[in-house]
Structure formats: structure tokens, C-alpha cells
Amino acid sequence: MSNPLIIIFTLFILNWIIRIQLRKNPKNRTLMLISFGISFSMIAYTVYYFVFMR
């Protein structure tokens, strides 16, 4: 597996772990912001890699 796919896959797994924690405590605003940040960084990195690096 190439390095960019490992980064995207790791961010995806980390985001799902945080979302499971959010289901247990939906009022935790910090976890919500972290989840949003990870989702945004995953999308931004994917676009950066596949658009600008190729």
C-alpha cells in the first residue's frame, strides 16, 4: 500500500473511533470539532494528492 493511502486510511479509522465516542456522548463539542477537522483534512489531502501531485 502506498504512503498516501496509509494516511487516508488511518484518518478514516481515527474518524470512526471518534464518531463512536460521539454516539456515547453526543453533547461533547470538542469531539465534534475534532471529527469535523479530521473529515476536512481527509478530503483536503485526497484532493491535494490526486489533483496536484499527479
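We number each residue from 1, following the sequence as shown.
Taking CD1 of I17 as the start and CG of L22 as the end, the distance is 12.5 Å to the nearest 0.5 Å. A distance of 7.5 Å separates CD1 in I20 from CH2 in W16, rounded to the nearest 0.5 Å. Note that CD1 of I13 and CD1 of I18 are 12.0 Å apart. Values are rounded to the nearest 0.5 Å. With rounding to the nearest 0.5 Å, the separation of CD1 in I6 from CG in L11 is 12.0 Å.
Linking Ile, Leu, Val, Met, Phe, Trp and Tyr residues whenever their side-chain heavy atoms come within less than 4.5 Å leaves V47 and F40 in two separate clusters. Residues M32 and I38 share a single hydrophobic cluster, defined by chaining ILVMFWY side chains whose heavy atoms lie under 4.5 Å apart.
Remark: Y45 OH is packed, more than 12 non-hydrogen atoms of other residues, nucleotides or ligands lying under 6.0 Å away.
Contact of the I8 side chain with the F12 side chain is not registered, since no non-hydrogen atoms from C-beta on lie closer than 4.5 Å. Within the 4.5 Å cutoff, side-chain heavy atoms of R19 are placed close to those of S39.
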Exercise. Checking side chain to side chain contact (heavy atoms under 4.5 Å, CB included) for the pair N25/L31: CA distance, chi angles, key distance, verdict?
Worked result: CA-CA 9 Å; N25 188 8; L31 284 178; 5.6 Å; no
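The two residues M42 and N15 make their nearest non-hydrogen contact at CE-ND2, 4.3 Å.
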